[in-house]
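One-based numbering, in listed order, for ligands and for the atoms of each. Computed from heavy atoms alone, side chains included, the values below leave out hydrogens, waters and symmetry copies.
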Amino acid sequence: MLYSELVKIYQKLETRTSKLEKIKIIANFIKKIDEKNLKYVIYLLQGRVFPKYDEHELGVASQLMIKAISRASGISESKINEMFKKSGDLGKVAEIVVRNRRQSTLFRIPLTVEKVFENLRKVALQEGEGSQDRKISLIAELLTNASPEEAKYIVRTVLEELRIGVAEGILRDAIALAYNIDVDTVEYAWNILSDFAEVAKIASKMGRQGLKNVKPKLGKPIQMMLGVAAKSIEEVLREYRHVVVEFKYDGFRAQIHKKGNKIWIFSRRLENVTSQFPDIVEACKNSLKAEECIVEGEIWAVDEKGNPKPFQLLSQRIHRKYDIHKMVEKIPVQLNLFDIVFLNGEVLFSKPLKERRKLLFQIVEESNKLKLAEFIETNDVKKIREFYQRALDLGQEGIMIKNLDAPYMFGRHVGGWYKIKPTMENLDLVIIGAEWGTGKRAGWFGSLILGCRDPDTGEFLECGMLGTGIKEKKESPGDVTFEEITQMLKPLIIKEEGKKVWVKPKIVVEVSYEEIQRSPNYASGFALRFPRFVRLREDKSPEEADTLERIKKLYESQKH
Ligand code: AMP
């Protein structure tokens with residue numbers, strides 16, 4: 001299949017704003033595609049070449065892309081840089097350059113979706129010495145053979161900046177429409193496989209029943225169940241009387257897969273963090289008494305007294321690539337388990353929590369490093385309150401109240417788990433831009449532009465500027481400095497406008513504030529008053545950041 005066919009769809013999607021229209025465009029397009037090309041198209045529609053949980057990323061920086069465009073066109077890097085500075089969009093630059101090239105189109109080999117996909121996969125897989133140069137060649141090869149429009153989308157895909165407004169919900173609904181299957185069934189399979197290409201393949205070949213029969217695969221992460229914020233203990237108990245109350249540990253969510261002697265650990269963002277936690281791998285091998293299982297819990301940094309250390313310390317372990325054994329000693333961790341979803345071939349999602357817990361208790365032999373989550377089974381408000389106070393006194397985040405009759409529900413749903421913690425109004429927002437600082441902050445980004453998520457389009461809408469709470473110098477281990485933030489953001493820059501830069505929405509920060517105000521100046525229509533940095537949320541992906549809807553709700557609730 002020619003890449004130009006997909007480009008036509010990109011163009012249509014880019015110009016339509018209606019969600020329904022986008023769904024129809026995609027559905028009509030994919031339903032005619034054969035199995036092999038379907039995989040490429042589904043990935044490329046998401047602007048990616050690997051499933052979400054795969055650690056390989058395209059993530060090529062602008063400077064490298066400038067080199068690739070230069071190599072493909074013969075135009076100097078400085079000229080391309082100049083064009084980039086003017087338009088702020090390398091996709092457009094590539095389009096113009098390719099349009100003006102002198103080389104005859106006769107020598108061009110038409111690009112197929114397969115060729116684009118394979119080259120981009122190779123780009124993502126390059127490592128080590130000479131890898132930059134190989135990446136440039138792979139991209140340049142595509143650009144040399146591309147039409148102007150194709151060049152634009154290739155560049156945007158490589159920069160992870162496709163901007164055609166296809167969020168996960170749209171793709172899910174398009175697959176449902178294309179193969180005439182209900183949305184819930186498509187969603188169910190996606191939650192288990194976390195890979196739309198796989199979901200579309202099963203839907204096209206085996207239809208609804210195929211999707212219904214999808215089972216978790218050991219070593220492939222599944223979407224996790226989350227809690228809904230509750231205002232009070234009483235509010236939850238009014239609805240649900242049959243509950244278990246657990247500590248809400250201040251760490252990161254871990255989904256652990258065991259197959260014989262092999263263990264995998266996945267974070268809530270579905271990242272594979274197994275190699276960063278050899279201590280937990282060992283503990284799981286010893287404590288999980290099942291041949292095959294998938295269990296869930298929280299990993300947190302523990303001090304000598306058994307209390308939690310700041311989350312920022314733990315986060316040093318989550319992305320550590322070297323000196324892992326030193327870190328194991330320096331920042332010890334503990335795992336507390338609270339759920340099980342798969343046991344020796346049996347899928348447990350539909351079983352009520354009461355039964356899942358029974359199975360979990362049967363297979364866990366507690367040790368120093370691996371324990372069950374602290375809990376009480378009661379609906380006595382006074383006892384729950386005492387338990388909550390104990391959790392807070394021990395330095396944990398709060399409590400979770402869980403409906404014992406509820407099945408395992410992927411994502412955040414009413415009727416399952418409720419979280420109670422002291423500061424519930426903090427927002428998790430995404431850094432979408434920044435401004436270079438002056439004075440003491442010169443050379444660093446001195447203020448950050450925050451965005452909230454629009455789930456319909458997958459875009460991030462500006463809702464505030466953040467400078468407070470980030471430190472000029474590290475004073476305690478948990479501090480985050482302007483310098484660190486600057487280092488994180490620099491490779492993500494996509495556009496520069498004077499002192500302002502726009503960055504890829506990748507980094508999630510937890511922010512407190514005094515009030516939410518209406519604001520015509522920001523795309524979201526809202527602005528945070530006195531926002532303050534609380535911490536980096538490396539455990540959250542941008543798709544999990546707070547939505548415009550939540551900001552609206554908080555705005556409404558503060559009026560009362
Ligand atoms: P939040 O990030 O505030 O939406 O809270 C959800 C997170 O709480 C989950 O992703 C878990 O990492 C964490 N958590 C800590 N303790 C528990 C628990 N006992 N049950 C469920 N989730 C927990």
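Under 4.0 angstrom from ligand 1, the non-hydrogen atoms of Leu226 all belong to its side chain.
Nearest heavy atoms, Leu218 versus Cys293: CD2-O, 3.7 Å.
Using a 4.0 Å heavy-atom cutoff, Lys402 is listed among the residues neighbouring ligand 1. The closest approach between a heavy atom of Arg412 and any atom of ligand 1 is below 4.0 Å. The closest approach between any non-hydrogen atom of Gln396 and ligand 1 is not below 4.0 Å.
Under a 4.0 Å criterion applied to the non-hydrogen atoms of Trp417, ligand 1 contributes the atoms 21 (C).
Residue Glu483 places its CD atom among 12 or fewer non-hydrogen atoms of other residues, nucleotides or ligands, all under 6.0 Å distant.
One option in Lys419, Met225, Arg268 has a heavy atom closer to atom 3 (O) of ligand 1 than any other, and that option is Lys419. When Phe338, Trp300, Phe375 are checked for heavy-atom proximity to atom 23 (C) of ligand 1, Phe338 turns out nearest. In this structure, of Lys540, Arg537, Glu374, Glu298, the residue bringing a heavy atom nearest to atom 11 (C) of ligand 1 is Glu298. Nearest to atom 9 (C) of ligand 1 by heavy-atom distance, out of Lys248, Arg253, Glu397, is Arg253.
Under a cutoff of 6.0 Å and an axis angle of 45°, Arg320 and Tyr322 form a cation-pi pair. A cation-pi arrangement is present between Lys402 and Phe338, with the terminal nitrogen or guanidinium carbon under 6.0 Å from the aromatic centre and inside a 45° cone about the axis.
For the pair Phe247 and ligand 1, the shortest N or O to N or O distance falls below 3.5 Å. Between Lys421 and ligand 1, at least one N/O pair is under 3.5 Å apart.
Arg390 places no side-chain N or O within 3.5 Å of a backbone atom of Phe247 that could act as its donor or acceptor partner.
A distance below 6.0 Å separates the ring centres of Phe349 and Phe410.
Ring geometry, Trp444 versus Phe482: the interplanar angle falls under 30°, so the pair is classed parallel (tilted spans 30 to 60°).
The nearest protein atom to atom 16 (N) of ligand 1, hydrogens excluded, is given as Tyr249 N, 3.0 Å; this is a heavy-atom distance.
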* **Test ring pair (Phe, Tyr, Trp, His ring centres under 6.0 Å) applied to Phe266 and Tyr53, step by step** => CA-CA 9 Å; Phe266 296 101; Tyr53 55 79; 7.4 Å; no

